[in-house]
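Computed from a predicted model, the values in this text were never measured in an experiment. Lettering follows sequence order; numbering is per chain, from 1.
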Amino acid sequence: MVKTVFNVLYRRLLQYYGPQGWWPIRNKSKNKGFDSGGYHKGDYSYPRTFKEAFEIILGAILTQNTSWRNVCRSVSNLNKENLLSPESVLSCCKETLSQIIRSSGYYNQKAIKLREISKFLIDKNYLSITKPPTREELLSVWGIGDETADSILLYAFKKHFFVIDTYTKRILFRLGILKEDKKYQEIQKLFHKNINQDLAIYNEFHALFVRHSKEYCMKKPYCSDCFLKDMCIYGKL
DNA sequence: CGCCAGGTGGGAT
DNA sequence: ATCCCACATGGC
C-alpha cells in the first residue's frame, strides 16, 4: 500500500534529518546570508507579511534548475536594493535587475520572470498573504510552471499543494514506487491521495526529499551507507 | 576540465 | 502529446 510506504518514508526521513525549516528565508537578525532555521521557529518559516511571501516567490523562480546557494546571493542583493516588492521590481530597469540576480544563472530570462510575476500580482491585486492566486492563474504567468506554482502556493500562501521536483521523482523511482515516465500531475495526485492533508507534512516531506537527494540519493548515489537501503530496490538489481 | 543545481517555454516532429 | 534544446552562474 502506497499510503503505508509514504507514511514510513516520511517518518524515517524526519527522524534521520529532523525538521528542515522551509522555506529558507533571509535571517534578518543575523543580517548575513541565509539560515534554514531560526526564522519563525515552530511555524515552519511561513511568511507573516506579504514582503516575506514575495521573497519566497522570487526565490522559487530564481532557484529553477539552480542551486540554492547561488540564489541566496541574488535575494540578498534584491533586499539590499530594496526590491522585495512587486512595485519596486517593476520600477527597476531590466538590465540592472539582470545584474542583481546574475548569480542565479539564466539571469536574462529570470529578470523577465520576476517582472512578469510582479505585474501579475499587482494587476490581480494579490498583495496580501491571505489572498492567494489560484494554481491556474499562476500557471498562466510566463515563467511559472507546475513546481514553481506549487512552491508558491504551499510555502508563500500555505495552501495544500504538494511540490514535485526531480528529486522527488528520482527517490520514488529508486524506491520502486514510481515508474520513470510518470507525469507531474499524476505524482502529485499520488501524494494528495496518500498523505494527510497536513500543511506541516506537505512542507516538511518535500524539504526532506531535497535533503536526502543531497546527502545520499544524488545522481550518483551513496547507496551503501543509505539508511533507507532496506526499503529500496535501487542498486540491488 | 566536466558535471550538476529545489525548471520552463518554445519549436519541431 | 512528446522529444529536444536554450537558458547561465558557481561549486566541486
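Only the P atoms considered, B:dC3 is 15 Å distant from C:dC5, to the nearest whole Å. Taking atom P in both B:dT8 and C:dG10, one finds a spacing of 22 Å when rounded to whole Å.
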| note | In B/S/- notation (B base, S sugar-phosphate only, - none; protein heavy atoms under 4.0 Å), nucleotides 7-12 of chain C written 5' to 3' is BBBSS-
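Under the rule for a salt bridge (charged side-chain N to carboxylate O under 4.0 Å, His left out), the partners of A:R211 that lie at least two apart in sequence or sit in another chain are A:E215. Considering only residues two or more places apart in sequence or on other chains, A:E87 meets the salt bridge (charged side-chain N to carboxylate O under 4.0 Å, His left out) condition with none of them. In this view, A:E116 satisfies the salt bridge (charged side-chain N to carboxylate O under 4.0 Å, His left out) rule with no residue, not counting sequence neighbours. In this structure A:Y10 satisfies the ring-ring contact (aromatic ring centres under 6.0 Å, His included) test together with A:F205, sequence neighbours excluded. Looking at residues two or more places apart in sequence or on another chain, you find no salt bridge (charged side-chain N to carboxylate O under 4.0 Å, His left out) involving A:D181. Annotation: side-chain contact (heavy atoms from CB on, under 4.5 Å) contacts of A:S91 (sequence neighbours excluded): A:S88.
Remark: C1' of B:dT8 and CG of A:L114 are 14 Å apart, rounded to the nearest angstrom. Here the C1' atom of nucleotide B:dG9 and the CG atom of A:D146 are 13 Å apart, to the nearest Å. Atoms CD (A:Q185) and P (C:dA1) sit 12 Å apart, rounded to a whole Å. One atom, NZ of A:K219, and another, P of B:dG2, lie 16 Å apart when rounded to the nearest Å. As rounded to whole Å, 17 Å separates atom C1' of B:dA5 from atom CZ of A:R211.
In the hydrophobic clustering, where aliphatic and aromatic side chains (Ile, Leu, Val, Met, Phe, Trp, Tyr) are joined below 4.5 Å either directly or transitively, A:M1 stands alone.
Applying a 4.0 Å cut-off to non-hydrogen atoms, the residues of residues 167-179 of chain A that approach DNA chain B are A:Y167, A:R170, listed by residue number.
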Name the pairs: protein N/O against N/O of nucleotides 2-5 of chain C, kept only if under 3.5 Å.
residue	atom	partner	partner atom	Å
C:dT2	OP2	A:K183	NZ	2.7

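When only modelled atom types and interatomic distance are considered, A:S103 and A:S74 share a side-chain donor-acceptor pair under 3.5 Å.
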What pairs of donor and acceptor atoms, side-chain ones from residues 218-228 of chain A against any protein atom, are under 3.5 angstrom apart with sequence neighbours left out?
none

Donor-acceptor list for residues 147-161 of chain A side chains, cut-off 3.5 Å, not counting sequence neighbours:
residue	atom	partner	partner atom	Å
A:T148	OG1	A:Q64	NE2	2.9
A:D150	OD1	A:R135	NE	2.8
A:D150	OD2	A:R135	NH2	2.9
A:D150	OD2	A:Y184	OH	2.6
A:D150	OD2	A:Q188	NE2	2.9
A:S151	OG	A:E147	O	3.0
A:Y155	OH	A:N203	O	2.8
A:H160	NE2	A:Q197	O	3.4

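Using a cut-off of 4.0 Å between Lys/Arg side-chain N and Asp/Glu carboxylate O, A:R12 and A:D230 are scored as salt-bridged.
Residue contacts for A:I144: at a heavy-atom cut-off of 4.0 Å it reaches the sugar-phosphate backbone alone, with no base atom in range. Within the 4.0 angstrom heavy-atom criterion, only backbone atoms of the sugar-phosphate kind lie near A:T148; the bases stay farther away.
Between A:V141 and A:H206, it is A:H206 whose nearest contact on DNA chain B lies nearer the 5' terminus.
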